[in-house]
Amino acid sequence: MGMNIAIDGPAGAGKSTIAKMVAQRLHFIYVDTGAMYRTIALSLLRSGTDCEDERALSEALEQMDIRIGYENGTQQMLLNGENVTGLIRTEQVSQMASISSAKPIVREKLMDLQRTLARENDVLMDGRDIGTRILPDAQVKIFLTASVQARAQRRFKEMQEKGIPCTLEEIQSDIEERDYRDMHRDTAPLVQAEDAVLVDTSDMTIDEVTQEIVRLVEQKRSGM
Ligand code: DC
């Protein structure tokens with residue numbers, strides 16, 4: 001069995017940036033579970049499936065073959081054999097992923113895939129319910145968060161750099177909306193696992209956060 005690290009937290013806390021760096025430093029496989037939910041969302045948008053129609057949703061999920069691959073160490077998402085990695089970061093997909101990931105049947109579809117990856121490899125997996133449900137026995141659990149203001153500022157800067165027009169207020173309200181949905185859904189809501197270490201990144205640099213998590217993992221390893 002591999003060693004497992006679970007990183008959970010709200011949208012925009014820096015999970016994927018940090019997780020990638022930590023995984024690289026420790027030679028772990030990085031598994032971005034949000035990308036899996038995004039791939040399902042893309043497929044549902046393409047087929048025009050109404051998530052509230054249980055039968056339609058179940059039929060759509062049966063048709064979907066979701067796989068994960070790696071190219072030069074970077075995770076790739078395959079939807080029925082098509083590499084959709086470059087198509088799942090749009091705002092439309094983000095919103096749909098936030099809605100469809102609240103459906104138990106959607107979560108069930110991904111659970112086995114996520115657990116199998118963790119059983120067979122040293123993985124660092126990030127998401128919302130990794131430490132609480134998917135890998136409750138993970139040796140290291142981190143709850144990575146930051147204030148809404150800090151997360152909105154970071155995202156605003158990113159959008160400005162990409163030349164995408166938006167306002168800070170819009171971004172902040174979008175983050176608040178997603179936080180609310182992720183934290184208040186009935187199935188697998190975002191909560192900090194009891195045995196997770198809270199890391200608030202509001203006033204920390206990427207390097208500081210990476211070092212802190214690597215330190216926690218090494219501390220755990222030396223005691224194992
Ligand atoms: O981390 P992200 O923004 O790429 O995640 C996309 C959506 O998927 C987000 O609304 C939360 C959801 N998600 C989830 O419910 N469980 C996970 N383990 C990962 C993501």
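We count ligands from 1, going down the list as the structure has it; atoms in each ligand are counted the same way. The figures here come from the full heavy-atom set of this structure, side chains too, leaving out hydrogens, waters and symmetry mates.
- Taking 4.0 Å as the cut-off, R185 counts as a neighbour of ligand 1 on heavy-atom distance.
- Set against the non-hydrogen atoms of A97, the atoms of ligand 1 under 4.0 Å away are 7 (C).
- Nearest heavy atoms, A13 versus A146: CB-N, 4.4 Å.
- Tracing side-chain contacts under 4.5 Å through hydrophobic residues (I, L, V, M, F, W, Y), one never reaches L190 starting from I134; they form parts of separate clusters.
- Considering all non-hydrogen atoms of both residues, D126 and Y30 come closest at OD2-OH, 2.9 Å.
- Which parts of ligand 1 touch G127 is read off a 4.0 Å heavy-atom cut-off, strictly below it: atoms 17 (C), 18 (N), 19 (C).
- Of all the heavy atoms of A11, none lies under 4.0 Å from any atom of ligand 1, so neither backbone nor side chain is involved.
- The cluster map of Ile, Leu, Val, Met, Phe, Trp and Tyr, joined by side-chain heavy atoms under 4.5 Å apart, puts V123 and L26 in different clusters.
- Any N or O atom pair closer than 3.5 Å counts here, and T33 shares at least one such pair with ligand 1.
- The residue D8 has no part lying near ligand 1, judged by heavy-atom distances below 4.0 Å.
- Nearest non-hydrogen protein atom to atom 10 (O) of ligand 1 is S98 CA, 3.2 Å.
- Salt bridge R155/E158: present, at least one basic N to carboxylate O contact under 4.0 Å.
- Nearest protein heavy-atom contact of atom 12 (C) of ligand 1 is S101 OG, 3.5 Å.
- With a 4.0 Å heavy-atom cut-off, ligand 1 is reached by no atom of R181.
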Salt bridge (charged side-chain N to carboxylate O under 4.0 Å, His left out) between D65 and R67: does it pass, once the steps are laid out?
CA-CA 7 Å; D65 178 42; R67 284 174 205 233; 2.8 Å; yes
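- Checking only distances, S94 never comes within under 3.5 Å of ligand 1, N or O to N or O.
- Nearest heavy-atom pair across I29 and Y70 is CG2-OH, 3.2 Å.
- What sits closest to atom 6 (C) of ligand 1 on the protein, heavy atoms only, is R38 NE, 3.8 Å.
- Below 4.0 Å from some heavy atom of D182 lie the following atoms of ligand 1, by number and element: 10 (O), 11 (C).
- Scanning all heavy atoms of the two residues, the minimum distance from S101 to V106 falls at CA-CG1, 4.3 Å.
- If you look at M36 next to ligand 1, there are no close heavy atoms at all, none under 4.0 Å.
- Among all heavy-atom pairs drawn from R128 and G9, the shortest one is CD-O, 3.3 Å.
- Looking from atom 8 (O) of ligand 1 to the surrounding protein, the closest heavy atom is Y37 CB, 3.6 Å.
- Between E71 and N83, the closest heavy-atom pair is OE2-ND2, 4.1 Å.
- Applying the 4.0 Å criterion to heavy atoms of G34 picks out, from ligand 1, the atoms 4 (O), 5 (O), 19 (C), 20 (C).
- In terms of protein heavy-atom proximity, atom 1 (O) of ligand 1 is nearest to R128 NH1, 3.0 Å.
- Counting only N and O atoms by type, the side chains of R154 and T201 include a donor and acceptor under 3.5 Å apart.
- Look at R107 and you'll find a heavy atom under 4.0 Å from some atom of ligand 1.
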